[in-house]
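Computed from heavy atoms alone, side chains included, the values below leave out hydrogens, waters and symmetry copies. Every chain is numbered from 1, with letters handed out A, B, ... down the list of sequences.
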There are 2 protein chains.
Amino acid sequence: MTGSEIRRSMPLFPIGIVMQLTELTARQIRYYEEHQLITPARTDTNRRLYSLNDIDKLLEIKDLIDQGVNMAGIKQLFTVKEKQVFDDDLKKQEEKVRRDLSDEELRKLLRKEFMQAGRFTRSSLRQGDMSRFFH
Amino acid sequence: MTGSEIRRSMPLFPIGIVMQLTELTARQIRYYEEHQLITPARTDTNRRLYSLNDIDKLLEIKDLIDQGVNMAGIKQLFTVKEKQVFDDDLKKQEEKVRRDLSDEELRKLLRKEFMQAGRFTRSSLRQGDMSRFFH
DNA sequence: AATACAATGTTATATTTTATCACATGAAAA
DNA sequence: TTTTCATGTGATAAAATATAACATTGTATT
C-alpha cells in the first residue's frame with residue numbers, strides 16, 4: 001500500500017464535516033451505510049469517522065442518485081469498479097515484470113558494449129564504475 | 001492562490017481529531033491559540049475547525065517546544081518563516097516576468113523565421129495557423 | 001386508483017464532545 | 001524565593017452524534 005492510499009483511507013472526519021463536504025444530510029449518510037455502500041470507522045466511543053475515500057464515495061453516490069440509480073445499482077457499480085482497479089493493479093504488475101525483463105536485456109547489451117569498449121580504452125574505466133549494471 | 005493552497009487552508013478538523021493527529025491535549029492546542037500561534041476557524045456555533053496548515057503548524061510547535069523554545073520564540077520563528085515564503089513568492093513573480101519577457105523575444109524570433117520561410121514555401125501555411133504567436 | 005416500496009425527513013432521548021473559566025501544579029527563570 | 005510559563009484538572013453549559021421510531025413524498029406495480 002502506498003503512502004497516499006494510507007492517507008486517503010485514514011478515518012478523519014466526523015459526520016458533521018462530511019455533511020458540509022458532501023451536502024448530504026446525516027440521515028442520508030447513515031442510510032447509505034445501512035445499505036453497505038460505505039463502512040466508516042468508529043471511535044472507541046462509537047462515533048463514525050470517515051476517510052477521504054469515504055467522502056469520494058459519498059460524492060459518487062450523490063451523483064448516481066441524482067441520475068436515478070438506486071442503492072442496489074450503486075452497490076453493483078461499486079463492485080465492478082473495485083474489480084476494475086484490481087485488474088488495473090494486475091496490469092501494472094505485469095507491466096512491471098515486462099519492464100524488469102527488458103532491463104535485464106538492457107544489462108546484457110550494456111555488458112557487450114562495455115566489453116567492446118574495453119578493447120580500445122583499456123583501463124580508462126575502473127571496473128567498479130559500471131558494476132552496478134551487472135549482478 | 002492555488003488549489004492545493006486552498007485545500008490546505010480549508011477548515012476541516014474539530015479539535016478532537018487534531019488531538020489525535022498531533023498528540024497534543026485540547027488544553028495545549030487552545031493555549032497555543034491564546035498565544036496567537038494558530039487561528040483556527042470557527043463554526044457558526046463557535047466550535048474550532050482546523051486546517052491541514054494548522055495541523056502542520058501544531059506539529060512544528062510541538063517539535064519546537066520539545067527543543068525548549070517558548071511561545072515568543074515560536075512566534076518569531078513563524079513570522080520569519082512567513083517572510084521567507086513571501087520572499088520566495090516574490091522571486092517566483094520575478095522569474096515569471098523574466099519568462100514572459102523571453103517569450104516575447106521568442107515571438108519576435110518566430111515572426112522573423114516565419115517571414116523567412118514564407119519566401120520558400122509560399123502558401124504552404126495559412127496565416128491563421130501561427131497567428132496565435134503574434135498579438 | 002390503491003398499494004407498496006424506496007429514500008429521506010422529523011422527533012425524541014441518551015451519550016459524547018467541545019467551550020469557557022477558574023484554580024492547581026511543577027519546573028524553570030528572575 | 002517569588003514569578004512566570006506550560007499544562008493539568010474540574011465544573012458547567014452548549015453543541016454534536018447515535019439510535020430508533022414514525023412521518024412524508026415520489027414512483028412503480030398491480
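- When every heavy atom of A:P14 is checked against every heavy atom of A:Y50, the shortest pair comes out as C-CD1, 4.4 Å.
- As a whole-Å value, the separation of A:L64 CG from C:dA6 P is 18 Å.
- Side-chain proximity of A:N46 to the nucleotides C:dG9, D:dA18, C:dA6 is greatest for D:dA18.
- For the segment residues 50-59 of chain B, the set of residues with a heavy atom within less than 4.0 Å of an atom of DNA chain C is empty.
- In this structure, B:Q28 places its CD atom 13 Å from C1' of D:dC5, rounding to the nearest Å.
- Note: CD (A:E34) to C1' (C:dA7) measures 11 Å, nearest angstrom.
- A straight line from CG of B:L49 to C1' of C:dT18 spans 11 Å, rounded to a whole angstrom.
- Straight-line distance from the CD1 atom of A:I61 to the P atom of C:dA7: 11 Å, rounded to whole Å.
- A:L37 pairs with exactly one of A:L58, A:D54, A:L64, A:I74 by the side chain to side chain contact (heavy atoms under 4.5 Å, CB included) rule, that one being A:I74.
- Under 4.0 angstrom from either OP1 or OP2 of D:dA21 there lies no side-chain N or O belonging to A:R27.
- Residues A:M71 and A:R47 each lie close to DNA chain C; by heavy-atom proximity, the contact nearer the 5' end of the strand is made by A:M71.
- Between A:D87 and A:K83 there is a salt bridge, since a side-chain N of the basic residue sits under 4.0 Å from a carboxylate O of the acidic one.
- Annotation: the span from B:L52 atom CG to A:L12 atom CG amounts to 8.5 Å, rounded to 0.5 Å.
- Ion pair A:K57/A:E33 not flagged as a salt bridge, since none of the NZ, NE, NH1 or NH2 atoms sits closer than 4.0 Å to an Asp/Glu carboxylate oxygen.
- The distance from atom CZ of A:R42 to atom C1' of D:dT17 is 10 Å, rounded to the nearest whole Å.
- With a 6.0 Å radius and a threshold of 12 heavy atoms from other residues, nucleotides or ligands, B:Q36 has its CD atom at or below the threshold.
- Looking at A:T79 and A:E82, their side chains never bring a donor and an acceptor atom within 3.5 Å of each other.
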Shorter than 3.5 Å, N or O on both sides, protein versus nucleotides 26-28 of chain C: list them out with atom names.
none

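- Taking every heavy atom of both residues into account, B:K62 and B:T22 meet most closely at NZ-O, 3.1 Å.
- In B:K81, the NZ atom is not crowded: 12 or fewer heavy atoms of neighbouring residues, nucleotides or ligands sit closer than 6.0 Å.
- Between A:I65 and A:T45, it is A:I65 whose nearest contact on DNA chain C lies nearer the 5' terminus.
- Nearest approach of A:K75 to A:H35, heavy atoms of both residues: CE-O, 3.3 Å.
- Proximity of A:Y31 to the phosphate of C:dG9: no side-chain N or O atom is located under 4.0 Å from OP1 or OP2.
- A sub-4.0 Å separation between OP1 or OP2 of D:dT7 and a side-chain N or O of B:Y32 is present.
- Residue A:T25 places at least one side-chain N or O under 4.0 Å from the OP1 or OP2 atom of C:dG9.
- In this structure, the CD atom of A:E33 is 15 Å from the P atom of C:dT8, given to the nearest Å.
- Side-chain N/O atoms of B:R30 include one lying less than 4.0 angstrom from OP1 or OP2 on C:dA19.
- Between A:K62 atom NZ and C:dT8 atom P the separation is 11 Å, expressed in whole Å.
- In this model, the phosphate group of C:dA19 is approached by a side-chain N or O of B:R48 to a distance below 4.0 Å at OP1 or OP2.
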